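Note sheet for the following structure.
Remember, it's a predicted structure, so these values are computed and weren't measured experimentally.
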Amino acid sequence: MNNDNHPVNPLRRRVINAGLGAAALAGFPFRASVAQTGDIVIGAAMPITGVFAFAGVGLNQGLGDYCDWRNARGGVAGRRLRYVGEDSGYKMDQEMAIFKKLMGEHQPPAFFGGSTAWAKVAAKEVGQLGTTLTSGVSFASELADAKSHPYHFMVAPTYVAMGEILLEHISRNARGATKPAVAIVYSDTEFGRDPIPGIKAKAQALQIPVVMEVVTKPGAVDVSSEVAKLRRAKPDFVIFHGYVSAPIPEFIKQMREAGMKATPMGTIWSMDKTTVDTMGAAAEGWVGVMPYRYSYDTKDAPMMQSMKEHVAKVRPDMNYISIFNVHTWLAGMAIAEIVERCLKAGKPLNGANMKAALESIDNWDTGGVTGLPVSLKNHQIASGRIYAYDSKTKLLQPASDWIKTS
């Protein structure tokens with residue numbers, strides 16, 4: 001978005017601004033706090049091109065859309081939100097260069113990033129500076145630790161908490177004295193490995209046996225030997241984590257061909273409707289956890305309805321609003337709530353004040369984006385709901401009540 005709220009090509013923006021922030025790339029020429037008058041800038045480095053462009057486009061749109069929607073209603077305490085987003089191409093060096101440049105140019109009170117690696121580095125930087133809150137697409141467990149990452153927050157549960165929600169659902173629906181058995185399939189990546197110890201600990205606490213762990217590379221790989229192991233282990237549920245799509249469909253296809261009746265389950269980034277649609281016949285019976293509603297679920301959710309109406313005006317050809325758009329719309333809501341609490345209290349927009357405002361958020365009504373009132377005391381939204389794919393409607397439909405984690 002430019003200053004007039006019109007979309008601009010993100011790559012063109014990088015060319016236009018290429019020489020403006022050169023000094024900032026060598027360091028952080030920050031003041032003690034961000035500007036206390038004028039526009040409230042939200043900076044972002046989004047993977048609009050590259051391997052995660054399918055997500056980055058929606059992430060970029062969602063945050064810009066929320067800022068536009070909020071500005072049309074008076075902004076935040078009378079001040080306008082200004083979204084300044086650039087394309088990172090999902091490249092760490094490019095993402096950090098954008099971060100440093102925009103921080104140097106705008107001193108934004110909030111910055112949104114598109115990778116776990118960026119979040120860990122940037123959170124340490126702003127932790128030392130005390131000027132800015134960060135958020136992003138990663139739900140890595142350590143990022144919700146307020147002691148090591150005091151100015152970072154996430155608008156969803158951690159990956160560990162998502163696994164806990166899946167296990168709670170399994171436990172609550174268990175029949176008989178013996179708990180169902182679970183297998184865990186995850187990618188050999190930081191993303192994939194992150195929640196596994198926590199998921200296993202939760203399973204033990206719920207007396208759910210974990211009968212098999214399978215680790216694979218992400219993407220299209222031969223899974224025949226892994227499926228043979230799963231068949232011998234005879235799990236009732238198979239939790240997949242650390243993937244977006246492949247090799248999940250191939251796993252499910254071969255599991256069905258082998259006569260396995262285990263229910264396949266996933267976490268957030270495997271739960272967008274467009275992703276599940278690509279599974280084809282393998283999507284039948286797919287179940288997973290989501291921290292908020294899908295955009296087509298507007299019953300008793302006035303904010304979801306407002307989002308749909310806004311997008312219909314600015315992007316009339318968009319028939320489906322992805323979970324990536326919803327995620328950053330909610331992130332924008334949280335940032336606006338934090339900033340508004342500071343401004344209404346007459347406090348400067350610095351890291352310490354915004355962190356206090358963040359941690360004061362309790363019983364917050366998101367207008368139905370989340371199913372339960374939100375607390376951000378622990379720097380995450382620790383709740384979610386189980387959804388199951390309905391092959392008749394080709395939609396993911398609620399399969400549980402909203403479940404809160406500790």
Testing Val211, Asp236, Leu167 for side chain to side chain contact (heavy atoms under 4.5 Å, CB included) with Val182, which one passes? Leu167
side-chain hydrogen bond (donor to acceptor under 3.5 Å, both in side chains) pairs touching residues 202-216, sequence neighbours excluded, are Glu168-Lys202, Tyr186-Glu213, Lys200-Glu213, Thr216-Tyr243
Close side-chain approach of Met307 and Asp65, heavy atoms under 4.5 Å: no
For Asn71 and Asp68, test the side chains for any donor-to-acceptor distance below 3.5 angstrom and give the result as yes or no. no
Check against side chain to side chain contact (heavy atoms under 4.5 Å, CB included), Arg82 and Val84: CA-CA 6 Å; Arg82 180 156 60 95; Val84 183; 3.9 Å; yes
Can you check whether Ile386's main-chain N or O pairs, donor with acceptor, with Ser400's side chain at less than 3.5 Å? yes
Counting only N and O atoms by type, is there a donor-acceptor contact under 3.5 Å from the side chain of Thr298 to the main-chain atoms of Ala301? no
Kindly determine whether Val326 and Met304 satisfy side chain to side chain contact (heavy atoms under 4.5 Å, CB included), including the steps that lead there. CA-CA 8 Å; Val326 177; Met304 299 299 289; 4.2 Å; yes
Measuring only between side-chain heavy atoms, which start at C-beta, is Ser135 closer than 4.5 Å to Ile335? no
No-hydrogen, no-angle side-chain donor-acceptor test under 3.5 Å, Tyr320 and Asp272: yes
Atom of Lys179, atom of Leu206 and distance for their closest heavy-atom approach: NZ-O, 2.8 Å
Regarding Ser322 and Asn325, do their side chains bring together a donor and an acceptor under 3.5 Å, going by distance alone? yes
Decide yes or no for Lys120 and Glu142: does some side-chain heavy atom of the first lie under 4.5 Å from some side-chain heavy atom of the second? yes
Distance-only, no hydrogens or angles: does the Arg175 side chain make a donor-acceptor pair with backbone N or O of Asn173 under 3.5 Å? yes
Ignoring hydrogens and angles, tell me if any N or O in the side chain of Asp362 forms a donor-acceptor pair with the backbone of Leu376 under 3.5 Å. no
Is there a side chain to side chain contact (heavy atoms under 4.5 Å, CB included) between Met279 and Asp277? Walk through the geometry before answering. CA-CA 5 Å; Met279 294 183 183; Asp277 284 342; over 6 Å; no
Assign the ring pair His149 / His152 to parallel, tilted or perpendicular, where the plane angle (0 to 90°) is split at 30° and 60°. perpendicular
For the residue pair Ile239 and Val185, establish whether any side-chain heavy-atom pair is separated by less than 4.5 Å. no
Aromatic plane relationship, His327 with Trp269 - under 30° parallel, 30 to 60° tilted, over 60° perpendicular: perpendicular
Roughly how far, to the nearest 0.5 Å, is the CD1 atom of Ile208 from the CG atom of Leu166? 10.0 Å
Just do the ring-ring contact (aromatic ring centres under 6.0 Å, His included) check on Phe191 and Tyr159 with the steps written out, would you? CA-CA 9 Å; Phe191 168 32; Tyr159 295 131; 5.1 Å; yes
Any side-chain to backbone donor/acceptor pair from Thr275 onto Met271? Under 3.5 Å, distance only. no
Evaluation steps, side chain to side chain donor-acceptor pair (under 3.5 Å), between Ser88 and Gln94: CA-CA 5 Å; Ser88 70; Gln94 193 164 307; 5.8 Å; no
Distance only, no hydrogens: is a donor on one side chain within 3.5 Å (strictly under) of an acceptor on the other, for Ser115 and Glu95? yes
Within the 6.0 Å centroid threshold, strictly below: Tyr90 and Trp118: no
Between Glu164 and Thr405, do the side chains contain a donor N or O and an acceptor N or O under 3.5 Å apart? no
Are more than 12 heavy atoms from other residues, nucleotides or ligands located less than 6.0 Å from atom CD of Glu190? no
So, Thr49 and Asp87: side-chain donor and acceptor under 3.5 Å apart, yes or no? yes
Examine distances only and state if a side-chain atom of Glu337 and a backbone atom of Ile361 form a donor-acceptor pair shorter than 3.5 Å. no
Are any side-chain N or O atoms of Asp365 and backbone N or O atoms of Gly367, one a donor and one an acceptor, separated by less than 3.5 Å? yes
If you measure from the Lys or Arg side-chain nitrogens to the Asp or Glu carboxylate oxygens, is any gap between Asp39 and Arg80 under 4.0 Å? yes
Could you go step by step and tell me if Phe153 and Met354 meet the side chain to side chain contact (heavy atoms under 4.5 Å, CB included) rule? CA-CA 11 Å; Phe153 73 98; Met354 289 188 292; over 6 Å; no
Sub-3.5 Å donor-acceptor pair from the side chain of Thr131 to the main-chain atoms of Asn350, do we have one? no
Between the side chain of Asp390 and the main-chain N/O of Lys392, is any donor-acceptor distance below 3.5 Å? yes
Please state whether the rings of Trp329 and Trp69 are parallel, tilted or perpendicular, taking 30° and 60° as the class boundaries. tilted
For Leu230 versus Ala183, what's the shortest heavy-atom pair and its separation? CD2-CB, 3.6 Å
Side chain proximity check, Pro291 to Ile381, heavy atoms < 4.5 angstrom: no
Distance (rounded to the nearest 0.5 Å) between Phe112 CZ and Leu59 CG: 5.5 Å
Sub-4.5 Å side-chain heavy-atom contact between His241 and Ile184: no
Strictly distance-based, threshold 3.5 Å: is any side-chain N or O of Tyr387 a donor or acceptor partner for the main-chain N or O of Met290? no
How close do Ala77 and Glu340 get, counting heavy atoms only, and between which atoms? N-OE2, 4.3 Å
Is Lys101 paired with Glu86 through a side-chain N to carboxylate O contact shorter than 4.0 Å? yes
Side-chain ion pair, Asp297 and Arg385, N-O less than 4.0 Å: yes
For the residue pair Phe240 and Trp286, does the interplanar ring angle fall in the parallel (under 30°), tilted (30 to 60°) or perpendicular (over 60°) class? tilted
